[in-house]
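A quick note: this is a predicted structure, and the numbers were derived from the prediction, not measured. Keep in mind that the numbers below use all heavy atoms, side chains included, and drop hydrogens, waters and symmetry copies.
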Number of protein chains: 2
Amino acid sequence: MNVQLSNKKEAIFESTLKLVKEHGFHGTPMSQIATHANVATGTIYHYFSSKDELIVELFKYCRLKMGEHVFKIDKGFSYKERFFHIWNSLLEYYADHQDVFSFFEQFYSSPYSELVKNKEITEDFNADKMMRFFEEGIANKEIRNITFYSFISAFIGTLTFLVRSNQYGLYQADEKDRSDLIEIIWNGVKNQ
Amino acid sequence: MNVQLSNKKEAIFESTLKLVKEHGFHGTPMSQIATHANVATGTIYHYFSSKDELIVELFKYCRLKMGEHVFKIDKGFSYKERFFHIWNSLLEYYADHQDVFSFFEQFYSSPYSELVKNKEITEDFNADKMMRFFEEGIANKEIRNITFYSFISAFIGTLTFLVRSNQYGLYQADEKDRSDLIEIIWNGVKNQ
DNA sequence: TGCAACCGAATGAACGTTCAGTTGTCAAAT
DNA sequence: ATTTGACAACTGAACGTTCATTCGGTTGCA
């Protein structure tokens, strides 16, 4: 996939992220996105055939960007170290890109996600990488005999909830909370 | 809060749940809710002053109903038993009420949740009960020294992710997955 | 008889999308 | 070196639809 974007297209993406976080999908009209991006309404339709396509393309773009950040880990680390690293990278990414997190949350819980379900879900490199990371752990007896979905529920679910609590303003997690949580998960999934 | 609803009001609630699960908030017009509930459009406005109020009232109604189901646990069980029971009850409730789960997900990730944030969040009996359950565990040294939000992230986060995966059609969790997961969490949070 | 419950067509605003036109760019032709 | 032409990038007013909300009227019960 091409990650090099024109200025205008990038501005449209950024504006959409910001406005969707604040007002939701249906609360942000195309006209508002255009204004915020310093672009004419029609220009958006030069890049995207519809609002739906804009949303879906933005989703795929963010997913790719996120994956690039999270999985850039050097070889040579132990399994446990990589386990901790991936979790912390993802947490860090969401902390630094709250609009992306909010966009993902809204996207997954909306009917938009249907549009990516069949074809595209198999193109989810992040899911693939997590799957391979899981299988490596199983093969090397690093983690105990559970399914991928138990593994991923513990791994991603806790993280998602923590970020959501932060964003919701309920709680500001500190370093100890984070290390407690990843310890909880690691102790739960590791072998013996 | 009054949980006794008129027939029409209940029908409106049920229709909203069903349609929102299928088409999302902005994808379900008031007229469609009315039709599905065998009611005139105007009737909805007899019960609710606006669509926003309908959504927020429905949220509070569902939250209450869910709490009634999840926390009906007899005294006399051990802490660990209650820990497992609450988790499984919640999972069961969401499995039996997928539209409620989907509604919650959409609600929390949308700007609607802002409408409940300040005043109403303190009226969340479920959060209160979980908090007290947590504090009991701390006081009796059943669980180790972590914050409530680490605790709840592990407890609810995993569950939410598992239900979401189910709903999304990625995976159908079986009994072993469920018991694996709750074991992972319990082992992670229990004392020593 | 009065009032709450209920009805559904009408209203008006909001919004996604279109389109006729303008601007900028760059390579080929002169 | 300058002109030409063609096409992509871009503009924003206008269109048509959709939808939340209103309201004048009807029904049924106490």
Side-chain angles (χ1 to χ4, degrees), chain A residues 2-61 103 106-107 110-116, chain B residues 2-61 103 106-107 110-116:
Chain A
N2 185 14
V3 229
Q4 203 60 27
L5 301 181
S6 75
N7 281 345
K8 305 252 171 185
K9 194 169 176 180
E10 179 128 41
I12 292 165
F13 271 171
E14 289 303 324
S15 298
T16 307
L17 274 183
K18 181 177 167 37
L19 293 170
V20 164
K21 173 177 162 55
E22 268 171 55
H23 308 112
F25 286 136
H26 55 300
T28 72
M30 296 294 260
S31 57
Q32 206 180 330
I33 295 173
T35 304
H36 190 276
N38 279 316
V39 146
T41 313
T43 304
I44 302 182
Y45 288 87
H46 178 70
Y47 291 104
F48 309 98
S49 68
S50 68
K51 192 177 183 181
D52 280 6
E53 190 182 299
L54 164 60
I55 299 291
V56 170
E57 288 303 312
L58 178 52
F59 169 75
K60 293 199 269 184
Y61 173 71
F103 180 80
Q106 291 189 55
F107 186 89
S110 79
Y112 279 118
S113 64
E114 294 287 329
L115 300 176
V116 197
Chain B
N2 185 14
V3 228
Q4 203 59 27
L5 301 181
S6 76
N7 281 343
K8 304 253 171 186
K9 195 170 177 180
E10 179 126 41
I12 291 166
F13 272 172
E14 289 302 324
S15 299
T16 307
L17 275 182
K18 180 177 168 35
L19 293 170
V20 165
K21 174 177 161 54
E22 267 170 56
H23 307 113
F25 286 135
H26 56 299
T28 71
M30 295 295 261
S31 57
Q32 204 180 331
I33 295 173
T35 303
H36 190 274
N38 278 317
V39 146
T41 313
T43 303
I44 302 182
Y45 287 87
H46 178 71
Y47 292 105
F48 309 98
S49 68
S50 68
K51 191 177 183 180
D52 280 5
E53 190 182 298
L54 164 61
I55 298 291
V56 170
E57 289 304 311
L58 177 53
F59 169 75
K60 293 200 269 184
Y61 174 71
F103 180 80
Q106 291 190 54
F107 186 89
S110 79
Y112 279 119
S113 65
E114 294 287 330
L115 301 176
V116 197

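- Contact annotation: A/Tyr47 side-chain N/O to D/dC10 OP1/OP2 distance is under 4.0 Å.
- Side-chain N/O atoms of A/Ser49 and A/Glu53 include a donor and acceptor closer than 3.5 Å.
- To the nearest 0.5 Å, the span separating NE2 on B/His46 from CD1 on B/Ile12 amounts to 9.5 Å.
- In this entry the distance linking CG of B/Leu19 with P of D/dC19 reads 12 Å, nearest Å.
- The six-membered or imidazole ring of B/Phe103 lies away from that of B/Tyr112, with a centre-to-centre distance of 6.0 Å or more.
- Using modelled atom types, one finds no donor on one side chain facing an acceptor on the other under 3.5 Å when comparing A/Ser50 with A/Tyr45.
- Between the CG atom of A/Asn7 and the C1' atom of D/dC10 there is a distance of 14 Å, rounded to whole Å.
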> Reading nucleotides 7-26 of chain C 5' to 3', which nucleotides get B (base under 4.0 Å from a protein heavy atom), which S (sugar-phosphate only), which -?
Replying inline: BB------SSBB--------
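- Considering every non-hydrogen atom in both A/Glu22 and B/Pro111, the closest pair reads O-CG, 4.0 Å.
- Rounding to whole angstrom units, NE2 of residue B/His46 and P of D/dT27 are separated by 18 Å.
- The pair B/Lys18-B/Glu14 does not meet the salt-bridge criterion, since no charged nitrogen lies less than 4.0 angstrom from a carboxylate oxygen.
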